[in-house]
Amino acid sequence: MTDGTKTPDKFTIINELARRRGFFWQSYEIYGGVSGFVTYGFLGAKLKQKIESKLRELFVSKLGILEIESPVISPSKVFEASGHVDHFKEPMVECQKCKKRFRADHLLREFAKISEAEAEKLSLKELKETMEKNEIRCPECSGTFGEPKYFLTMFKTTIGPYSEAVGYGRPEAAQGIFVEFRRLCEMAREKLPFGVIQIGHALRNEISPRQGLIRLREFTIIDLEFFFDPEESDCFLLKNVEGETLRLFLAENKLRGSEEIVEITVKEALEKGYIKAEWQAVFMALAKKLLADLGVPPEKQRFIEKLPWERAHYALQSFDQEVYVERWGWVEVSGHAYRTDYDLKRHMKFSGVDMRVFKEYEKPLEREQAFIKPLMAKLGPIFKTEAAEVAEMISGVDPCEVASSIKKDGYYMLGECKILPEHVEITRRKVKEQGKRFFPHVVEPSFGSDRLVYVALEYAYRIKDDRAILSFPRDIAPMQVGVYPLVSKDGLPEKALQVYRMLLNEGFIVEYDEAGSIGRRYARADEIGIPLGITVDYETLKDNTVTIRDRDSWKQVRTRVIDLPELLHKYFRWKANFEDLGKPFEG
RNA sequence: GCGGCCGUCGUCUAGUCUGGUUUAGGACACAGGCCUUCCAAGCCUGUGAUCCCGGGUUCAAAUCCCGGCGGCCGCACCA
C-alpha cells in the first residue's frame, strides 16, 4: 500500500466478494446508498443465522437461558431511566477558525483540570461559561470556539402520528429485558441465577459510520443479561472452564502505557481479582470459545479492560473482547460488562415498581417488635374531627420512641398533640421474617452479530492456487453441499438432479450447478465456502456411487448415494471426518 | 462533521487534463449454445453503463462549474 502497487486489503476483498456473491451489500444502492445500513443476501442471511444459532447453542441451551423478543421503539422514559438520554449525547464545540470539533468536556478535563464527574454535570450554558472563564482555545490552531452543542446518537421519533410522546429507537436490547424483569423473573420461577437473551436490531445514529459491517446505524445486537444473587455469586459452571486461558489487556497496564497481555487461566484471573465476577469470567471464556469456533484462533483474540472513563455509565467493570482484523487492528466483537444492580434500581426509581427479588432465609429470623395501636374510643372525644388524622400519625411513629417518652415524661408530643398513655396501646410481639428483598446483580455479555459475520468471513478467507476460498467451519457454512454432474450430457444432469432433490428432502442446504466445466463449478463453490461437493459421473450410472470433494484439501472420496444422508448428517455435526465419508478416490 | 483524494456495465478499467471523432471501447464475471470423463481450458451468441444524483455553462457535457449523496485516508466520534 506504500508504493504505487496498491494491493487491496482483506476488508476490500471481503466486501467485494460479499457484494458479488450476495452475502451483503450497502442498502438503498439505487438511491445512491446510505452509509451505516446493510442488506444481507441469501448467503449472508444464512451465515448470520448460523452464527447466531451457534451462539445459542453455546449460551442458551447449555445454561438454560431464556430468549425473548421485545420492541425496537420504546417510550422516552425507558432510556431516561437507563441513563442513556443523559449519556448518549456528547457536548461538542467547533473551532471557528479551523472547523475542527472537540468534546467540550474533554477539553475542560485536559486544560482546565476539571474532573470527569464535574465536567459531565455541566449544562451547555455552564460548559460555555467554564470554557470562557478558563480561556480555552482550539488546541490545533488556538482559534476560538463557537457555542457548545449536543450530538444525540439515539434515533428519536414520536409515538403515534399526532402525539408529542417521544420515542427512541433502542441503542441496546438490554433495556427490553430489564423493563420486563418482574415477569421474566416470575417465569424463571423466581429462582436465581437465571439469564435472558435477546437477539434483535438496535439503532445508533452514528456520526460517520464507514467501516462496513463493523459500524452500522442499524445492526443486530445480542444482549444476554444474567441475573444472580450478589451474596451467592458462585458460578456452577466455573469448574468446566476454569482451566481455559484468557488473554487479558488490563487497565492497570494500559494506564502505564504498556501493551502487555496477561495470559492466565480463568481461575487465576479470578483469584488475582483481575475479573470481579465469576459469572463474567465464565462468559468471557465462553465468548472466547465461540470466536474460536467461528474460526478465529486464540492468539488473534484478547480481552481489553476498559478504563473508568471509557466504561459505559452502568458498568462497574467491563472488558471488550477484541479480534484482530487486517484493516483496523483490534476490533471489538463483544463487551462483557458487570452492570451490578444499576439498571433494576434505576427502573424501580423511575417507575415506582418494586424490581427486587424475594429471598427466603434458610431459617426464618425471629425478633421482637413493638407495635402501637391508637385507641379510638379515647382519641375520638378529645380530638373530634381530627381524630382520624391523629390516629394515622400515631401509627407512623416509632413505638419504642413513644414508649420511652411516656415512661420518662408521662406523655409524648406528636406535633401539637399531647399523647397520654391511655390514648394508645403499646405491645411487644415476636415476629418471624421469612426472607428479604434485594436487587440481583447483572453480568452482561453483549455481541455485535454483524461483526461476528465479518470476522468469520475474514478468517475464513484464504487463497489456494490463486483461487479465493472461504474456509468456513462446516457448521456455519451458509451452503452445505453442491451437487454437480461431471459433464452436462449423457444423463448425468438428470441423475445429479435426483441426488440434489434427495439431499434437499433430507434437510440439507444444497445447490445444483451444471454450468461451465467441473473445475469452474468447484471454484465457484469454494468462493462461497461450500464444504462438500458431490459429483455424479459415469460410474454413478453403473453402481450408484458418487464422489465427495473436500473444499479445503480438494481431496475426494467415493461413496454410495444411499449412504449420503447419514454420512452427511454425521459430518455436519462433527461426528465424522471427511476421510470417514468414503473410500479415497483419484479423479 | 471537517480536510485531502475519488465516483464510467456485476468487477477491473479506456476515455476526462485539451467538450464534438463513442450507438461510451475492452477484459473478467454472468446467461444460452457447442465442446468437455475431476479443479476458473476453448469457440459462438447474448445480457449488461441515460458515465453516482440534481442543477448550471454551452450549439454540444462522462468530460467544465456548483450543490447533494456515496467511497477511501487522516482528524473527531464510537456510551
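The basis for the numbers below is simple: all heavy atoms, side chains too, and nothing from hydrogens, waters or symmetry mates.
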Review point. In whole angstroms, how far is the P atom of B:rC69 from the CD1 atom of A:Ile30?
Key: 18 Å
Review point. On a plain distance test, is the side chain of A:Arg520 in donor-acceptor contact with the base of B:rG42 below 3.5 Å?
Key: no
Check your understanding: Will you find, in the side chains of A:Thr220 and A:Lys48, an N or O donor that is under 3.5 Å from an N or O acceptor?
Key -> yes
**Study point:** Candidates B:rC38, B:rU11, B:rA41 - which lies nearest the side chain of A:Arg19
**Key:** B:rU11
Review point. With respect to the side chain of A:Arg210, which nucleotide from B:rG74, B:rU37, B:rG10 is positioned closest?
Key: B:rG74
Exercise for review: Please tell me which of the listed nucleotides, B:rC35, B:rG1, B:rC38, lies nearest to the side chain of A:Ser488?
Suggested key: B:rC35
**Study point:** Pairwise P distance, B:rG7 and B:rG15 [rounded to whole Å]
**Key:** 12 Å
Practice item. Please state the P separation for the pair B:rA29 and B:rC12 - nearest whole angstrom. Key: 15 Å
Exercise for review: In whole angstrom, give me the gap between the C1' atoms of B:rU11 and B:rC30.
Suggested key: 11 Å
Exercise for review: Find the distance A:Arg327:CZ to B:rG74:C1' and express it as a whole number of Å.
Suggested key: 13 Å
Check your understanding: What nucleotide, of B:rC77, B:rG70, B:rC38, holds the atom closest to the side chain of A:Arg215?
Key -> B:rC77
**Study point:** Among B:rA31, B:rC72, B:rA76, the one nearest A:Ser208 by side-chain distance
**Key:** B:rA76
Review point. Which part of the nucleic acid, if any, lies within reach of A:Gln26 when heavy atoms closer than 4.0 Å are counted: base, sugar-phosphate only, or nothing?
Key: sugar-phosphate
Review point. Between B:rU11, B:rC39, B:rG71, which one does the side chain of A:Ser35 approach most closely?
Key: B:rG71
Point to revise | Between A:Phe227 and A:Phe181, ring centroids under 6.0 Å | key: yes
Practice item. Please answer whether B:rU37 and A:Tyr538 are stacked, defined here as ring centres separated by less than 5.5 Å and planes angled under 30°. Key: yes
**Study point:** No-hydrogen, no-angle side-chain donor-acceptor test under 3.5 Å, A:Asp543 and A:Thr545
**Key:** yes
Review point. How long is the line joining CH2 of A:Trp25 and C1' of B:rC52, in whole Å?
Key: 19 Å
Point to revise | Distance in angstrom units between A:Ile14 CD1 and B:rG71 P, rounded | key: 19 Å
Review point. Over how many whole Å does the gap from A:Glu206 atom CD to B:rC78 atom C1' extend?
Key: 5 Å
**Study point:** Presence of donor-acceptor pair under 3.5 Å, side chain of A:Tyr484 and base of B:rC38
**Key:** no
Point to revise | From A:His336 atom NE2 to A:Ser334 atom OG, the distance as rounded to the nearest 0.5 Å | key: 3.0 Å
Practice item. Just name whichever nucleotide pairs with B:rU58, Watson-Crick or G-U, keeping both distances under 3.5 Å, else none. Key: none
Point to revise | Sole candidate of A:Gln198, A:His84, A:Gln175, A:His201 that passes side-chain hydrogen bond (donor to acceptor under 3.5 Å, both in side chains) when paired with A:Arg170 | key: A:Gln198
**Study point:** Rounded distance in Å between the P positions of B:rA40 and B:rC17
**Key:** 43 Å
Practice item. Tell me what A:Leu486 touches on the nucleic acid: a base, only sugar-phosphate, or nothing, going by heavy atoms under 4.0 Å. Key: base
**Study point:** Residue-phosphate contact under 4.0 Å: A:Lys489 side-chain N/O, B:rU36 OP1/OP2
**Key:** yes
Review point. Do A:Arg210 and A:Ser35 have side-chain atoms, one donor and one acceptor, less than 3.5 Å apart?
Key: no
Check your understanding: Between B:rG19 and B:rA60, how far is it from one P atom to the other, in whole Å?
Key -> 15 Å
Point to revise | Pairing nucleotide - B:rA31, Watson-Crick or G-U, each distance under 3.5 Å | key: B:rU45
Study note, to complete from the structure: Per nearest nucleotide of RNA chain B, the residue lying toward the 5' end, A:Ala312 or A:Thr547, is A:Thr547
Review point. Now, which nucleotide makes the Watson-Crick or G-U wobble pair with B:rU21, with each of the two distances under 3.5 Å?
Key: none
Practice item. Side chain of A:Ser517 only, please: which of B:rU37, B:rA41, B:rC2 is the nearest? Key: B:rA41
Exercise for review: Take atom OH of A:Tyr28 and atom P of B:rG71, then tell me their distance rounded to the nearest Å.
Suggested key: 14 Å
Check your understanding: When you measure from the side chain of A:Arg524, which nucleotide among B:rC38, B:rG10, B:rA31 comes out closest?
Key -> B:rA31
Review point. Is A:Arg549 side chain donor-acceptor paired with the B:rC39 base, going by distance under 3.5 Å alone?
Key: yes
Practice item. Not counting sequence neighbours, list each pair that qualifies as a ring pair (Phe, Tyr, Trp, His ring centres under 6.0 Å) and has a residue in residues 513-552 of chain A. Key: A:Tyr484-A:Tyr522
**Study point:** Nucleotide opposite B:rU50 in a Watson-Crick or G-U pair, distances under 3.5 Å
**Key:** none
Review point. Which base, if any, makes a Watson-Crick or G-U wobble pair with B:rC5, both distances under 3.5 Å?
Key: B:rG71
**Study point:** Distance between P atoms of B:rG20 and B:rC65 (Å, rounded)
**Key:** 15 Å
Review point. Within the modelled atom types, does a donor on one side and an acceptor on the other bring the side chain of A:Asp465 and the base of B:rC39 under 3.5 Å apart?
Key: no
Check your understanding: In whole Å, what separates the C1' atom of B:rA14 from that of B:rG54?
Key -> 27 Å
Exercise for review: May I have the distance from A:Asn15 (atom CG) to B:rU11 (atom P), rounded to whole angstrom?
Suggested key: 13 Å
**Study point:** For atom CD1 of A:Ile214 and atom P of B:rC77, their distance in whole Å
**Key:** 20 Å
Exercise for review: Can you tell me, in whole Å, how much space there is between the C1' of B:rC64 and that of B:rU58?
Suggested key: 10 Å
Check your understanding: Does A:His441 have its ring centroid less than 6.0 Å away from the ring centroid of A:Tyr338?
Key -> yes
